[in-house]
Amino acid sequence: MALIVHKLTHRYLPSGTSSDQTVTPWRGWLVNVLPSLEARQTYLESQVQFGRGIPFQSHPGFRTHFSKLVCPSDGRIDQPRFVPRKLYDVALTSYLGVNGIDDLNRDGVLFIDSRVGDRDIQDGLSQTLMIAERPPSAAFDYGWWYAGIGVGRRGTLDHSMGVKETSLNRFATCSEGRWTNNLKDECSSNHFWSLHGDFANTAFCDGAVRAFSFRDEKVSTSLATRWGDEITDINSQ
């Protein structure tokens, strides 16, 4: 609902990730909806402190935990976690923006420097995924809600992800099409899944929230894109 409010206010959804060409480099989309999540102070602090040359990990929001942003079933992330490869603490999220099929296609709604409005979602709001669930990676390298460069310096696997990102993880050798639902496996961060069995929680662009299985590639790719002209009966899933 916070994303819907942002869209109604600004006429477009926030960027999945802000690039280093913006005044708020590497900020995730969740920062822009903080006022609607009753966290306006954290939002204001992010606007004042974010700037070129200032590491995002120095901002208080980077380590600020919000229970609304994490799956209650994932006991690993009920507080900020230490990232061994980075040597600092970071707050995490279980919910990523859907950038489309993958971050290079940018055919979804939340990708780097995106400004997607209702007119851009040609498949229909009820036929296009906006958010989907995925536990943060095993060593907490991915899943940073506040800011992060992700893979390819596009925020991918941190704030947003596509339904076919299997070859992107730079911390693991992940074969194409490999599906692993294991909190200890780095490759599990390359696709949407949850700790609730075969289904993940999702939100569509019309604000509807549904449990959905991503194992059917044809269905998931059709729902991830905003302009593919596909008609999918989501109620059959």
Side-chain angles (χ1 to χ4, degrees), residues 1-6 13-14 16-17 26-43 45-46 56-57 59-86 88-99 110 129-151 155-161 163 165 169 171 180-204 207-214:
M1 291 308 298
L3 278 167
I4 299 300
V5 169
H6 184 283
L13 292 167
T17 303
W26 312 128
R27 178 178 63 181
W29 60 271
L30 279 160
V31 172
N32 282 315
V33 300
L34 286 173
S36 296
L37 295 176
E38 301 180 346
R40 184 170 179 78
Q41 186 58 40
T42 302
Y43 172 77
E45 289 174 355
S46 78
F56 51 68
Q57 62 265 29
H59 305 164
F62 186 71
R63 297 176 299 279
T64 300
H65 169 77
F66 287 106
S67 59
K68 295 177 181 178
L69 306 185
V70 301
C71 172
S73 299
D74 193 348
R76 305 174 305 151
I77 56 174
D78 58 357
Q79 58 184 317
R81 302 297 300 188
F82 181 70
V83 183
R85 292 188 180 101
K86 298 295 183 179
Y88 47 66
D89 293 335
V90 60
L92 300 139
T93 182
S94 306
Y95 308 110
L96 280 67
V98 178
N99 64 31
L110 291 170
L129 283 164
M130 184 168 59
I131 310 170
E133 186 175 7
R134 187 222 58 193
S137 60
F140 307 114
D141 299 295
Y142 298 126
W144 305 359
W145 78 264
Y146 185 82
I149 64 173
V151 174
T156 308
L157 303 188
D158 266 330
H159 330 302
S160 64
M161 188 170 73
V163 294
E165 301 282 14
N169 195 326
F171 299 125
T180 171
N181 294 2
N182 186 338
L183 292 175
K184 296 181 180 180
D185 189 335
E186 291 284 2
C187 293
S188 67
S189 63
N190 286 0
H191 58 264
F192 293 115
W193 67 286
S194 77
L195 298 173
H196 316 298
D198 198 36
F199 291 87
N201 289 309
T202 65
F204 285 72
V209 175
R210 298 182 176 95
F212 173 69
S213 174
F214 284 86

With rounding to the nearest 0.5 angstrom, report the CE to CG distance, M130 to L13. 6.5 Å
Any side-chain heavy atom of F204 within less than 4.5 Å of one from L129? yes
For V31 and S46, the nearest pair of non-hydrogen atoms, with its separation, is CG1-OG, 3.4 Å
Can you see which heavy atom on R76 is nearest to which on P136, and at what distance? NH2-O, 2.8 Å
Strictly distance-based, threshold 3.5 Å: is any side-chain N or O of H159 a donor or acceptor partner for the main-chain N or O of L30? no
Determine whether more than 12 heavy atoms belonging to other residues, nucleotides or ligands lie under 6.0 Å from atom CD of Q79. yes
Looking only at atom types and distance, does a side-chain atom of S188 sit under 3.5 Å from a main-chain N or O of L183, one as donor and one as acceptor? no
With no hydrogens and no angle check, is any side-chain donor or acceptor of R63 less than 3.5 Å from a backbone partner on Q57? yes
Identify the heavy atoms of S213 and F199 that sit nearest to each other, and give their distance. N-CD2, 3.6 Å
Mind checking what makes side chain to side chain contact (heavy atoms under 4.5 Å, CB included) contact with H6, not counting sequence neighbours? H10, Y12, P14, N32, V33
Those residues that, when tested against S189, pass side chain to side chain contact (heavy atoms under 4.5 Å, CB included) (two or more places apart): R134, S137, Y142, L157, N169
With no hydrogens and no angle check, is any side-chain donor or acceptor of D158 less than 3.5 Å from a backbone partner on G143? yes
Is the shortest heavy-atom distance from the side chain of V90 to the side chain of W145 under 4.5 Å? no
How long is the straight-line distance from CD of E133 back to OG1 of T93, given to the nearest 0.5 Å? 9.5 Å
Please report the interatomic distance CG(L110) to CG(L96), rounded to the nearest 0.5 Å. 10.0 Å
Report yes if the side chains of V98 and T202 come closer than 4.5 Å at any heavy-atom pair, otherwise no. no
Taking the side chain as every heavy atom from C-beta outward, state whether H196 and C71 have any atom pair closer than 4.5 Å. yes
Closest heavy-atom pair, S160 versus T17, reported as atoms and distance to 0.1 Å, is OG-OG1, 4.4 Å
Using side-chain heavy atoms (C-beta onward) and a distance below 4.5 Å, is F140 in contact with K86? no
Heavy-atom side-chain contact between E165 and N99 under 4.5 Å: yes
Answer yes or no: are there more than 12 heavy-atom neighbours, outside R40 itself, under 6.0 Å from its atom CZ? no
Taking every non-hydrogen atom, the tightest pair across L195 and P135: CG-CG, 4.5 Å
Assess whether side chain to side chain contact (heavy atoms under 4.5 Å, CB included) is satisfied between L92 and D74, documenting all intermediate values. CA-CA 11 Å; L92 300 139; D74 193 348; over 6 Å; no
Would you please say whether a donor-acceptor pair under 3.5 Å links the side chains of H65 and D78? no
I want to check something: taking the side chain as every heavy atom from C-beta on, are S94 and N201 in contact at a cut-off of under 4.5 Å? no
Find the distance between CD (Q41) and CG (L34) and round it off to the nearest 0.5 Å. 11.0 Å
Just jot down the ring pair (Phe, Tyr, Trp, His ring centres under 6.0 Å) partners of F214, sequence neighbours excluded, or say none. F192, F212
Ring pair (Phe, Tyr, Trp, His ring centres under 6.0 Å) between W144 and F62, intermediate numbers included: CA-CA 8 Å; W144 305 359; F62 186 71; 5.5 Å; yes
Y146 and T64, any side-chain heavy atoms less than 4.5 Å apart: no
